[in-house]
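Note on naming: letters A, B, ... go to the chains in the order of the sequence lines (proteins, then strands), and numbering restarts at 1 for each one.
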Amino acid sequence: MSKGNQSTSKKSVAYSPADVEDGLYARWLNRNYFHGRVDSTKEAYSIVIPPPNVTDVLHLGHALNNTIQDILIRKHRMQGYEVEWVPGADHAGIATQVIVEKQLKKEGLTRRELGREKFHQRTSAWASRNKEIILGQLKKVGCSCDWERTRFTLDEGLSRAVAQVFTHLYKKGWIYRGNRIVNWCPSCQTPLSDDEVEHETFDGRLWYIKYKVKGSDEYLTVATTRPETMLGDTALAVSPKDSRYKKLVGKTAILPILERELPIIADAFVDPEFGTGVVKVTPAHDPNDFEIARRHDLAEINILNTDGTLNENAGKFKGLDRYAGRKQVVEELERKGLLEKSEKYELSVGTCYRCKNVVEPYLSEQWFVKMSELAKPAIDAVTGGRIRFHPDYWAKTYLHWMENIRDWCISRQLWWGHRIPVWYAEDGTMFVSVDRPTAEQCRGYDPGSLVQDENVLDTWFSSWLWPFSVMGWPDKTPELTKFYPTRVLSTASEIIFLWVARMVMAGYEFMGQAPFSDVYIHGTVRDANGIKMSKSLGNGIDPLEIIDKYGADALRISLVLATPDGQDPWIGRNSFEVGRNFVNKLHQVSRFIMMRLPGKPPVIDRVDDSDLLMFDRWILSRLERTIETVNEAFADFRLSAAAKTLYNFVWNDYCSWYIELIKPDTPGASVREGSLNVATYVLNQILRLLHPFVPFVTERIYFDLLNVADDCDTTLMFGPWPTSDGRHRDEALERELEQIQAVVSAVRTIRSELDVSPAKKSDLYVRVKDPALARLLEDHIEYFRSLARVERLYTGVDLKKPSLSASAVISGAEVFVPLAGLIDVEVEKGRLEKELDNIKTHLEKTSKKLANADFLANAPPEVIEREKAKKQDFQERVEKINKNLEQILGW
RNA sequence: GGGCGAUUAGCUCAGAUGGUUAGAGUACUUGCUUGACAUGCAAGGGGUCACUGGUUCGAUCCCAGUAUCGCCCACCA
């Protein structure tokens, strides 16, 4: 066989996730492993998925978020909890409607032409298609959701919950209908809640408009960023404290163009320091002006149509778009000499979070939820520590919003969503009821003649109920009893207000307790350049593409490793190689072990303590330390740290050192039985610890290790999860191994720097300070012989340096490798001088410290002792290196 | 205007009641087809821990300020 063929045949031993993942997932599903049982006696651990919007297929952010949840779920399932992870999707009111209307537009249709019924059918079909795609994606990622309990925010059950909540709050007086200034999106033609508005900074202008004072030649100048709104002015206002304008209060000004008479009023809202100190009052298009108008009983003139064009109140500007209207108003003012000036002005304007158009403050009649009472228990829950944020600084953000909470505009002039459960009689009488009012409920009216409110509810009005509505509320279901409250809510920071905060309020109001105890806030996924991934920028990465190329396990562990706690991960396509390589490494080391295993079933769950050699005890000590660190990290929701700990343990301690140390020198020879047992035991523990992160490859290896048929009942999924009793922890042993590692590394460095072929073995001389180290090395030379390419080992306290040998000085020992004919004197000299410089620097630092009387007087004794020991060590090494250098010069 | 976070190797990030020779991955350089793995092994180079002060015997770590970047909140007409 040619070399080329060999290398291709070698490639085939690489782990192939595509051959493993789908089959295992189907198997888990078939066996119903993901289903949470309400009649279980085990303690419950539940999570509800943040329901993805049906508008989008999953992106990397979802992959990350759901991987995090799956890790928590799988770990607790292994720990013996009765686990429930409720999946589902959100109907995403505005977002979905905007997309479907765009599709209609392409076909030359509008939703009105189609009619409400047909529009709803069409949207519904589109949404459920997307929902299936999304749920399929979650399965590809490996999420162990309870698919029997999949929910959709528009499901019948959840819709009943929504209507129930509406009527409940209405009866309490916490839902009201009123004329208020709302954030109106002229493109979506619906109001938005304050939290759905995104503020952006724009380069705008400030126009100074002159208003004539009636019966005089005086003019008042008013500055505005939206000159077209002057068409809706119903007053001018000044500060009551402003002496400049005192005499004008009570007089009348003339609105330019429309020539309407405007009262000049005094209101404390006006800041005399700002602008000209005079404010135009446009009650229908500015929230402050609206308040002023209410105080002064002013008229409210709406100048806009719902689509953002000017209406009949705009006079000759009627029909113009708001911006065209602005331009023409400015031009006309200029012609009339009523525009004093205009200047550049940076302003922040609200935009629609769905369609990105600039929203208009707009007076209309809408439904609102009064929030102040709802917020109280939700504030207490966080200040009282019953709900914890991770990282905890998000609690501040949450509390700041809660403490300044404003009423929530919940009605939307859309068709896609939960219809408001309010019915009207012809005379305007209103009935609020979960279902169409019965004859009894609307006495005196024919129930059939009642007309339901045309509008729907904010999409968040259903998602804020999610933690209990998915479990069947308002019915008292076994699911609610067993699985409410949930444990953890995992999400990115963007929806803390829109969703998390509101869920807490709903949890207290309707269930009497918090919906979860911990809120895990992870970062927002950014691309390799730090730009937020988004559809519109096209910099997103499709998780399925990554799964196809690298596998779901690689996707998962790579995401977790790349996501620092609380910070935004920067992810490029090659970020996933880290995980792919790691998964393969795990697969390879398992192969190594399995190749050595005798035919009989291996012992995987215990070790024989009486049959342990040094390295066996060492890896067990390291394992227990790793288990402790991982469990601590989980307790603090530091998943990335847990993953990193495991990554390092597997790759460095287990593969690079332990396996290499127990690997027999001669090819094909068997590994010592006791060590093979330890290696297998540790592998089993590794598989368990890693299973939440990389469920597929670990389960696959587990089957192979036990050599079980695919249709057996074996699985890692139900644990046990590793714990440590510290029985094998041995610090002294770990120190000893570090000494061996230091010797091996020193030899490797010498050989590498002097360019010695790995094929060539060499002798090793180690001059030790403490005979114990000599014994340690002598006793274990057979284990590290091949790691350091050692032919014969010589040790001793007074060992003579062999001639023509390269040297290295480490703590407590000198290492000599005789390399007659291979040493380039200059290279060796360079090496030693460099090391000498390095040690000298440290020696200086330490000496300086110890020469400082203040240090000696104040530092704790153990710190002084440590410094002294360091100083001595450095000193000895400097002397030794110097000696070795002298010798070289003699060559 | 207010608040929050970040600033450590070319890049992405760890780090510690304040005393470690400041680490990892990646990229880079060199050597290696070694009977688990080239998706690998070994070795190497690379850092005034953003800046300025302060506290301290000692600061990359604590405090204050500055700068830069990012995010959130806010009725600056």
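Among residue pairs with one or both ends in residues 638-649 of chain A, those qualifying as side-chain hydrogen bond (donor to acceptor under 3.5 Å, both in side chains) are A/Asp636-A/Arg638; sequence neighbours excluded.
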Protein-nucleotides 18-20 of chain B N/O pairs closer than 3.5 Å?
unit_1 : atom_1 : unit_2   : atom_2 : d
B/rG19 : O2'    : A/Arg866 : NH1    : 3.0

Could you run down the sub-3.5 Å N/O contacts of the protein with nucleotides 23-25 of chain B?
none

Protein and nucleotides 41-49 of chain B: nitrogen or oxygen contacts under 3.5 angstrom:
unit_1 : atom_1 : unit_2   : atom_2 : d
B/rC41 : OP1    : A/Lys585 : NZ     : 2.8
B/rC41 : OP1    : A/Trp651 : NE1    : 2.6
B/rA43 : O3'    : A/Thr749 : OG1    : 3.3
B/rA43 : O2'    : A/Ser752 : OG     : 3.3
B/rG45 : OP1    : A/Lys834 : NZ     : 2.0

Please enumerate all protein N or O atoms sitting under 3.5 Å from an N or O of nucleotides 72-74 of chain B, with distances to 0.1 Å.
unit_1 : atom_1 : unit_2   : atom_2 : d
B/rA74 : OP1    : A/Arg406 : NH2    : 2.8

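Between B/rG46 and B/rC51, the two C1' atoms lie 23 Å apart (nearest whole Å). Separating the P atom of B/rC71 from that of B/rA59 is a span of 36 Å, rounded to the nearest Å.
For the pair A/Val589 and A/Pro569, nearest-nucleotide mapping onto RNA chain B gives the more 5' position to A/Pro569. For the pair A/Glu577 and A/Val756, nearest-nucleotide mapping onto RNA chain B gives the more 5' position to A/Glu577.
Comparing B/rA77, B/rG31, B/rC75 by their nearest atom to the side chain of A/Asp755 picks out B/rG31. Listed candidates were B/rC71, B/rU39, B/rG35. Nearest to the side chain of A/Arg596 is B/rG35. Among the nucleotides B/rG5, B/rU21, B/rA36, the one closest to any side-chain atom of A/Arg877 is B/rU21. The nucleotide whose nearest atom lies closest to any side-chain atom of A/Lys396 is, among B/rC13, B/rC4, B/rU39, B/rC4.
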Canonical and wobble pairing (Watson-Crick, G-U, under 3.5 Å) of RNA chain B, dot-bracket with | = (((((((..((((.....[...)))).(((((.......))))).....(((((..]....))))))))))))....
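In this structure a side-chain-to-backbone donor-acceptor pair under 3.5 Å is missing from A/Asp267 to A/Ala237.
The existence of a salt bridge linking A/Glu731 and A/Arg735 is confirmed by a sub-4.0 Å separation between a basic side-chain nitrogen and an acidic carboxylate oxygen.
B/rU17 adopts an anti glycosidic conformation, its chi angle falling more than 90° from 0.
Not one side-chain nitrogen or oxygen of A/Asn584 sits closer than 4.0 Å to the OP1 or OP2 atom of B/rG40.
The distance from atom CD1 of A/Ile181 to atom C1' of B/rA77 is 14 Å, rounded to the nearest whole Å.
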